Amino acid sequence: CRPPPMLKESKLLDAREGCQCQNELKGRIGQTTMPKRDYGPLSIDEAERDVRQIAPRSSFSSRIVVVRNKVRRVCCRYRRRRICAISIFILCLIASAVLVTKNRFHLSFTNLLRTIFGHGGSKNGSSAEAACLSPELLGINGNRTSIESVSPKTVAVGGLDLTRTASAFTLDLEGIAPTGFLWDGSDAQTAKWRPQGVTTFRDHGASGRRFVLVSWYGRKDEGYSHLGGRISFVDISKKGKLEANSKTHFLYSHVLLVDVNFCTLPNIHVGGIEQQNGTLYVADSRKEMQSILEFDIINDLYELPPEMVDSMYGYRYVLRQSSSFHSPTKPSFISYDIDNHKFVVGTYARCGKKVGTHVDSEKCFNRPNNRLAWFDKSDVEPNYEATNNTNKCSHFYSEMQGATSARVGNNTIVWVSSSYGPIADSHLHVVTTSSAFNGECPEVENIDLGAVPMIQFPPGLEDLHIEQTEDNRYMWMVTEFGTRMVLATPLDDLVL
């Protein structure tokens, strides 16, 4: 017990005596009725606090202090709650913006941050190596020329086990209402793969089923470029005209593309695909390649045995390359003119300074890379030199993602898709020429490309394909950004 230091000397002595008496009394009580306990002296601060508590104050001032303390506590609690609420609101806004941007750009969260803050994508996959079936599984001495050594089975397209589900929908655009389908949740949102090319295939075997084929490429900045490309086989047999309603669904599965040695095709972009007579033609725009790869859908589609699936990263089916030939120009995309019996290839060329914009600037029309080429396989010599029958035609649009042509009446119409990035709308240009185009370049030199009819599509419009059915022709299209869609519309609706 220590007396408060503010007491006078006479009172200080009395206080010390009082403390001593009090301690003696407590000691006696502890010896008789209480367990022995060590009562240490109070600290000076505690003594001061006790004195303040018992110090005489007027009732009015005491009330003021009580009210002031309550107000302080209430204000403090209010400020904390307000700061917390504002912080939570800001975090929610940021999270929502990141989710929306992520779903629109289809990037992983890490690479999205790299993109936003200007550090680019991940370097994973910059030196991608092909994934191959192990030599042990392919036979003694690593002979990859004959996969039959491990008893895999070729499978018909109609025999594919389709394990994913796409849903049908209708899109309202300018004067047209294309129908199509949306991918299942994982494929709609994945950042590891992006859809690029589209074509169709009808199984003339026992099944007689009708398929839409869509190509995807493995993203380099997500570490998937070593897997190369894959093809989605989507069965649309039950709805030949793609009448869309909320209860319409289509089954599909992915097939991995491999070369003649059963290795993947690292860094391939598969920007466009075309199927003719059971052969799938794939545009290969990789550096030093400039070729068209051929895959025999009927004879070279394989189902891997369980012990080989892990070597192909879980893919049950692979489509083996059979051959290739040189392209007369860098093939960013490919299609087929079913009236003139010519392949159509073209090159993507960026033209513009503003990030995320896509405009049909007049200064971009006459650039030398804005070319399309119409050709037949016989027009390309074995030494990869194009003959005089290969038509490299210009000028067309910058940022072309797909092109195809067909005869309508006495004219040939060229449809060109152009787009850039996940923000700006895509354009489908309808160029009507004044000739029937008998293997020559369409007459576009005197056409004002900036004035031709154009239909706006959602961002990311890519490849184009014309399908001939029993009763009509359809234009097929695919988008890679935002809500990933595969679209079809009667070709007559696109004659503007």
Side-chain angles (χ1 to χ4, degrees), residues 170-180 196-198 271-272 332-333 335 337 344-354 356-367 369-372 374 393-409 411-435 437 441-466 473-483 485-496:
T170 299
L171 183 66
D172 293 326
L173 293 176
E174 302 174 5
I176 61 173
T179 58
Q196 294 292 296
V198 62
S332 299
F333 49 84
S335 66
D337 187 320
V344 185
V345 295
T347 304
Y348 173 88
R350 176 80 173 117
C351 180
K353 297 181 179 180
K354 295 181 179 180
T357 61
H358 170 63
V359 294
D360 299 315
S361 173
E362 292 184 3
K363 68 178 182 180
C364 297
F365 291 156
N366 294 319
R367 290 199 171 190
N369 288 336
N370 298 341
R371 298 184 302 183
L372 298 176
W374 279 260
C393 310
S394 59
H395 53 275
F396 284 94
Y397 297 91
S398 62
E399 297 156 7
M400 292 187 295
Q401 303 282 5
T404 190
S405 59
R407 190 173 299 170
V408 179
N411 299 322
T412 291
I413 296 182
V414 182
W415 291 269
V416 179
S417 65
S418 62
S419 67
Y420 176 75
I423 299 176
D425 286 336
S426 305
H427 299 160
L428 179 64
H429 309 274
V430 184
V431 184
T432 302
T433 70
S434 58
S435 67
F437 175 61
C441 287
E443 297 179 4
V444 297
E445 296 297 330
N446 298 322
I447 296 177
D448 181 5
L449 292 179
V452 302
M454 181 268 292
I455 303 174
Q456 285 191 339
F457 276 79
L461 184 63
E462 290 284 318
D463 200 21
L464 304 177
H465 166 73
I466 296 177
R473 286 182 172 182
Y474 292 91
M475 175 75 78
W476 284 90
M477 298 161 278
V478 61
T479 66
E480 66 173 326
F481 291 119
T483 302
M485 299 174 285
V486 180
L487 307 168
T489 188
L491 195 62
D492 292 340
D493 292 348
L494 301 177
V495 179
L496 305 179

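Given the structure is predicted, the values throughout are model-derived calculations rather than measurements. Starting from 1, each residue takes its place in the sequence as its number.
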I'd like a table of donor-acceptor pairs (distance under 3.5 Å, sequence neighbours excluded) in which one partner is a side-chain atom from residues 451-464, with atom names and distances.
from, atom 1, to, atom 2, distance (Å)
Asp463, OD2, Val198, N, 3.2
Asp463, OD2, Ile273, N, 3.3

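Rounded to the nearest 0.5 angstrom, Met477 CE and Leu487 CG are separated by 5.0 Å. The CD1 atom of Ile176 sits 7.0 Å away from the CG atom of Asp493 when rounded to the nearest 0.5 Å.
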Side chain to side chain contact (heavy atoms under 4.5 Å, CB included) between Tyr348 and Glu399, intermediate numbers included: CA-CA 5 Å; Tyr348 173 88; Glu399 297 156 7; 3.8 Å; yes

One pair to check against side-chain hydrogen bond (donor to acceptor under 3.5 Å, both in side chains): His429 and Ser418. What are the steps and the verdict? CA-CA 8 Å; His429 309 274; Ser418 62; 2.9 Å; yes

Verdict with reasoning, Thr489 to Thr179, per side chain to side chain contact (heavy atoms under 4.5 Å, CB included): CA-CA 7 Å; Thr489 188; Thr179 58; over 6 Å; no

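No side-chain donor-acceptor contact under 3.5 Å links Ser398 to the backbone of Arg350. Side-chain N or O atoms of Trp415 include one that pairs as donor or acceptor with a backbone N or O of Leu494 at under 3.5 Å. Thr412 contributes no side-chain N or O that, together with a main-chain N or O of Arg407, makes up a donor-acceptor pair within less than 3.5 Å.
Looking at residues two or more places apart in sequence or on another chain, you find a side chain to side chain contact (heavy atoms under 4.5 Å, CB included) between Thr347 and Thr329, Lys330, Ser332. Ser426 meets the side chain to side chain donor-acceptor pair (under 3.5 Å) test with no other residue; sequence neighbours excluded.
With contacts defined as side-chain heavy-atom distances shorter than 4.5 Å, the pair Tyr474/Ile466 does not qualify.
Checking Val344, Leu372, Val345 one by one against Phe333, the side-chain contact (heavy atoms from CB on, under 4.5 Å) holds for a single residue, Leu372.
Counted by atom type alone, Asn411 and Thr433 present zero donor-acceptor pairs between their side chains at under 3.5 Å. At a cut-off of 3.5 Å, with distance as the only test, a side-chain donor of Trp374 or Ser405 sits close to an acceptor on the other residue.
A cation-pi geometry, defined here as NZ or CZ lying under 6.0 Å from the six-membered ring centre and within 45° of its normal, does not hold between Arg371 and Phe396.
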